[in-house]
2 protein chains.
Amino acid sequence: MQPRQRRKVPEGELCAVCSDRATGYHYGTPSCNGCKTFFRRTIVSGHTFVCQYNGNCDVNKNVRCACRHCRFNKCVSVGMDARAIQNDRDRIGPTKKFRMAKTEQNSSADDDQMSMSSMSPQRAADEKVIELLNGIENLCNTLRTCALDETKSVRETLASPSLLYHVGNIEMDHNTIFKELYPASMNDIQMWNIRELRLCLEWAKTFEEFTKLSESDQLALVRNFGFTFNILNRVFYSLDHGPDKIVYPNGAYILRQPQEQVKIPGCRSIYHRQMDEIMIPFRKLNVTIPEFAAFKASLLFNPDACDLSPEVKPEISMERTKYLSALFYFITNKIGLHDGVQKYGQLLMMAPSIQNIIDQNDENMQVMEVFGHFWRIDRFVKELCMK
Amino acid sequence: MQPRQRRKVPEGELCAVCSDRATGYHYGTPSCNGCKTFFRRTIVSGHTFVCQYNGNCDVNKNVRCACRHCRFNKCVSVGMDARAIQNDRDRIGPTKKFRMAKTEQNSSADDDQMSMSSMSPQRAADEKVIELLNGIENLCNTLRTCALDETKSVRETLASPSLLYHVGNIEMDHNTIFKELYPASMNDIQMWNIRELRLCLEWAKTFEEFTKLSESDQLALVRNFGFTFNILNRVFYSLDHGPDKIVYPNGAYILRQPQEQVKIPGCRSIYHRQMDEIMIPFRKLNVTIPEFAAFKASLLFNPDACDLSPEVKPEISMERTKYLSALFYFITNKIGLHDGVQKYGQLLMMAPSIQNIIDQNDENMQVMEVFGHFWRIDRFVKELCMK
DNA sequence: TGGCGACGGTCAAAGGTCAC
DNA sequence: AGTGACCTTTGACCGTCGCC
């Protein structure tokens with residue numbers, strides 16, 4: 001289908017993912033049957049995985065099933081291309097289902113009562129939305145551990161294309177890799193703040209509807225959402241060392257009662273609230289990566305964002321609705337309507353608590369700015385977060 | 001994947017180990033689920049067993065668990081091959097229906113299908129919840145126009161039974177009745193603030209689960225929710241004179257650009273936001289009174305409310321879920337699943353904006369307190385709203 | 001047209017789950 | 001703690017499609 005590597009026969013070629021014997025070029029990469037099928041299934045189903053360890057598990061023939069997150073990441077990083085996946089393969093006729101084509105097709109067709117089986121058009125769209133979000137989220141998780149150049153201004157960053165599409169070419173930053181648990185220093189916190197805010201911009205730029213906005217509207221959305229993105233990723237991807245620790249990917253951790261060196265005079269600590277009101281609920285609700293991604297997308301597209309021009313608010317609102325619908329579909333499809341409605345409601349109702357924490361953080365940043373001799377706020381952070 | 005017997009289906013085949021029904025070829029031998037799992041676990045765990053007898057125990061379906069040594073020996077002797085055992089795989093998560101916080105009243109059997117007709121038991125409960133809320137809301141609307149005695153302290157008010165059950169016996173307050181439109185004075189705003197906050201207490205006390213809480217937990221909830229209640233009622237019940245006016249029941253109105261006499265030095269006006277982010281969306285979404293009531297109830301029961309004791313948080317969370325579920329079913333029952341999901345999502349996602357407005361209001365009140373010579377904050381308001 | 005290579009689909013047999 | 005009915009995931013194999 002895709003003459004990507006035309007006319008080439010792998011010889012004693014090995015799978016680029018797991019070093020098993022390659023059976024050919026699959027999705028643009030020499031790979032074995034297992035990794036080929038694994039990659040397709042992962043993309044098609046929207047299933048997503050969380051690494052139980054530090055996100056850098058070994059992947060080889062013997063242990064390739066041990067960590068699906070790292071296996072998938074390796075698939076992506078060695079160049080497997082999701083665009084080579086054909087979702088519209090109706091052409092395989094002679095399987096079990098015989099065409100009932102023209103006879104009684106409309107018996108159950110447009111009965112728009114709620115039967116899952118007849119929701120195809122909406123569902124296909126939702127599935128596609130989730131799939132896209134999921135792919136981006138995985139790229140984002142890779143970029144989180146990459147070496148990033150010195151941040152330019154927010155405006156310049158918004159104007160350049162998203163790094164996420166070139167994440168395979170960027171080398172890793174060893175400061176982001178887990179080595180051991182240790183109490184976070186202020187430098188750790190600042191480093192991750194800057195990194196996540198940068199990721200937020202790269203992430204936002206992957207939304208077509210976002211890139212179509214004017215510069216000032218883009219700015220309005222990311223200024224509204226930046227720190228939320230930061231905190232949400234911080235707690236969602238925190239390594240799980242119990243309910244009293246937020247652990248960054250590199251092992252730096254923050255305690256419920258923050259260590260002295262990361263306290264800021266005059267500021268109310270919000271770390272315990274990040275644990276109680278976001279991290280723990282995320283875990284209790286069993287929020288998966290695609291759900292998390294859709295939730296974030298619906299928060300990015302906030303029609304009430306400060307300084308957003310009134311004429312784009314309807315589109316922003318529609319985008320929000322799009323991601324909310326996809327989220328609802330995805331959840332209820334997995335765990336059923338009854339439980340899904342509850343999970344969806346509980347997830348959405350985390351938003352006001354998150355907002356309140358962000359508001360407290362804004363206040364803290366004002367205090368830090370006034371008493372700036374304690375900690376200078378980074379230029380990039382200031383540009384993106386200070387009102 | 002089939003290193004031994006390829007493409008074969010055992011028919012009435014029996015387990016070579018225990019003569020139970022074989023479920024397939026496992027590790028090279030036709031065997032049942034039990035022996036298959038037993039063999040794998042034994043190999044993986046490295047356990048070794050000692051026979052209590054002579055090492056020649058009988059192994060069959062009924063006694064296969066009697067001697068693990070002899071069972072394992074039989075496994076090996078009939079040809080089970082340890083080389084077919086793989087390395088540990090990744091976790092796959094819950095397989096049974098949802099392992100989350102379970103409710104007492106278990107839902108009906110097939111709640112994972114989108115068929116409204118099979119929800120009767122749950123729906124009956126939801127309907128009852130909505131009916132109750134709606135009745136209270138109507139009483140509340142009557143009480144809004146009644147003459148209220150001088151407010152006591154918040155604690156005293158919480159301790160006494162709700163006025164809403166005696167609303168028929170209270171006479172009207174003519175200051176609350178519409179006579180004409182006129183620009184609100186600061187006195188109007190203060191009067192309505194106090195009145196709504198008082199209503200909030202009377203309203204909250206109608207919830208059985210609320211009255212069962214300790215005084216301090218009750219206080220935590222109403223302090224968290226009081227001003228939200230105030231603002232939500234203000235805009236929801238605003239007489240509709242277009243998108244640029246909030247009109248109190250007595251005709252006093254506030255403009256998008258507030259008149260000079262109600263501006264407070266040092267405070268950012270939040271009236272335009274109340275219009276844009278709450279009043280107009282309520283109208284656009286066609287939110288009905290029962291929906292509005294359920295929404296408020298779900299906001300009252302906020303498990304993240306400041307100073308709430310940790311041990312009641314689960315109950316509070318369950319209450320919230322109860323009202324959210326009722327809200328969802330009420331909406332979808334009226335306008336169908338597709339539109340209902342959207343309306344529900346949009347309604348819930350107003351909550352963060354509302355929270356942000358409340359946070360801005362809190363900040364304004366701090367400013368007013370510091371520069372208190374402009375406007376003194378009422379004692380009751382202060383007790384209920386100042387942090 | 002016919003061979004070839006890369007798609008998607010299939011299903012026995014792996015491993016994981018959790019009420020008992 | 002151990003068991004096993006029931007569940008998801010895996011991957012070798014096969015049919016189909018589109019290119020030379």
Side-chain angles (χ1 to χ4, degrees), chain A residues 1-10 13 15 17-18 20-45 47 49 52 61 63-68 71-72 80-97 334, chain B residues 1-10 13 15 17-18 20-45 47 49 61 64-66 68 71 80-99 102:
Chain A
M1 187 84 189
Q2 306 286 17
R4 171 172 306 278
Q5 309 272 352
R6 200 83 205 109
R7 288 260 128 221
K8 266 189 132 176
V9 196
E13 191 81 43
C15 171
V17 180
C18 73
D20 196 358
R21 191 178 59 83
T23 62
Y25 283 91
H26 303 296
Y27 314 111
T29 302
S31 41
C32 66
N33 267 323
C35 291
K36 160 198 150 187
T37 309
F38 172 77
F39 182 71
R40 181 182 67 243
R41 267 200 299 253
T42 303
I43 296 290
V44 169
S45 70
H47 263 197
F49 316 114
Q52 320 262 349
K61 178 173 166 23
V63 297
R64 64 188 174 200
C65 293
C67 179
R68 292 174 293 170
R71 187 183 190 183
F72 181 74
M80 282 196 173
D81 185 356
R83 289 171 302 183
I85 287 179
Q86 313 164 339
N87 265 336
D88 47 352
R89 263 276 199 127
D90 290 324
R91 294 182 283 274
I92 300 178
T95 32
K96 275 188 189 172
K97 54 175 182 180
K334 252 176 73 171
Chain B
M1 198 94 185
Q2 297 86 345
R4 224 143 260 278
Q5 319 281 140
R6 184 170 298 264
R7 290 266 138 212
K8 271 185 94 177
V9 199
E13 194 80 43
C15 172
V17 180
C18 73
D20 196 357
R21 192 178 59 83
T23 61
Y25 284 91
H26 302 297
Y27 313 110
T29 303
S31 42
C32 67
N33 266 321
C35 293
K36 158 198 149 188
T37 309
F38 172 77
F39 182 71
R40 180 182 62 247
R41 269 201 291 252
T42 303
I43 296 287
V44 168
S45 68
H47 276 158
F49 308 117
K61 177 171 165 31
R64 66 188 172 201
C65 293
R68 296 190 287 173
R71 187 184 191 184
M80 281 196 171
D81 184 355
R83 289 172 302 182
I85 290 189
Q86 308 172 350
N87 287 300
D88 273 359
R89 288 191 184 170
D90 202 358
R91 308 260 154 78
I92 63 175
T95 55
K96 288 289 183 210
K97 285 282 171 186
F98 224 37
R99 241 184 89 63
K102 42 198 154 208

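First the proteins, then the strands, lettered A, B, ... as listed; each starts at 1. As the structure is a computational prediction, the values presented were derived from the model and not from experiment.
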To the nearest angstrom, how far is B/Arg21 atom CZ from D/dC6 atom C1'?
12 Å
Which part of the nucleic acid does B/Arg40 contact within heavy-atom distance under 4.0 Å: base, sugar-phosphate only, or nothing?
base
Using a 4.0 Å heavy-atom cut-off across all strands, classify B/Arg68 as base, sugar-phosphate, or nothing.
sugar-phosphate
Does any non-hydrogen side-chain atom of A/Met80 lie less than 4.5 Å from one of A/Ser31?
yes
Per B/Lys36 side chain, nearest of listed nucleotides C/dA13, C/dG16, C/dC7:
C/dG16
Could you check whether A/Cys65 gets within reach of a base, just the sugar-phosphate, or nothing at all, counting any heavy atom under 4.0 Å?
sugar-phosphate
Return all side-chain donor-acceptor pairs below 3.5 angstrom for residues 32-43 of chain B, not counting sequence neighbours, or 'none' if the list is empty.
| unit_1 | atom_1 | unit_2 | atom_2 | d |
| --- | --- | --- | --- | --- |
| B/Thr37 | OG1 | B/Asn33 | O | 2.8 |
| B/Arg40 | NH1 | B/Tyr27 | OH | 3.3 |
| B/Thr42 | OG1 | B/Phe38 | O | 2.7 |

Nearest-0.5 Å distance that lies between atom CZ in B/Arg91 and atom SG in A/Cys67:
11.0 Å
Could you tell me how far apart B/Asn87 (CG) and D/dT10 (P) are, to the nearest whole angstrom?
14 Å
Here the distance between atom C1' of D/dT3 and atom CG of B/Asn33, to the nearest Å, is 11 Å
Any idea which of C/dG16, D/dA12, C/dA13 is nearest the B/His26 side chain?
C/dA13
Residue whose closest nucleotide on DNA chain D lies nearer the 5' end, B/Thr23 versus B/Ile92:
B/Thr23
Which pair of non-hydrogen atoms, one from A/Asp20 and one from A/Lys61, has the smallest distance, and what is that distance?
OD1-CD, 3.5 Å
Would you mind classifying the nucleic acid contact of B/Arg64 as base, sugar-phosphate or nothing, using non-hydrogen atoms under 4.0 angstrom?
sugar-phosphate
Hey, is the side chain of B/Arg41 pairing donor to acceptor with the base of D/dG4 inside 3.5 Å?
yes
Would you mind classifying the nucleic acid contact of A/Arg71 as base, sugar-phosphate or nothing, using non-hydrogen atoms under 4.0 angstrom?
sugar-phosphate
note: B/Phe39, atom CZ; C/dA14, atom P; distance rounded to Å ~ 10 Å
Holding to side chain to side chain donor-acceptor pair (under 3.5 Å), I want the full list of residues that pass it with A/Arg68, two or more places apart in sequence or in another chain.
B/Asp90
Does A/Tyr27 put a side-chain nitrogen or oxygen below 4.0 Å from OP1 or OP2 of C/dG8?
yes
Can you measure B/Tyr25 atom OH to C/dC11 atom C1' for me and round it to whole angstrom units?
16 Å
Between C/dG8 (P) and A/Phe38 (CZ): distance, integer Å
15 Å
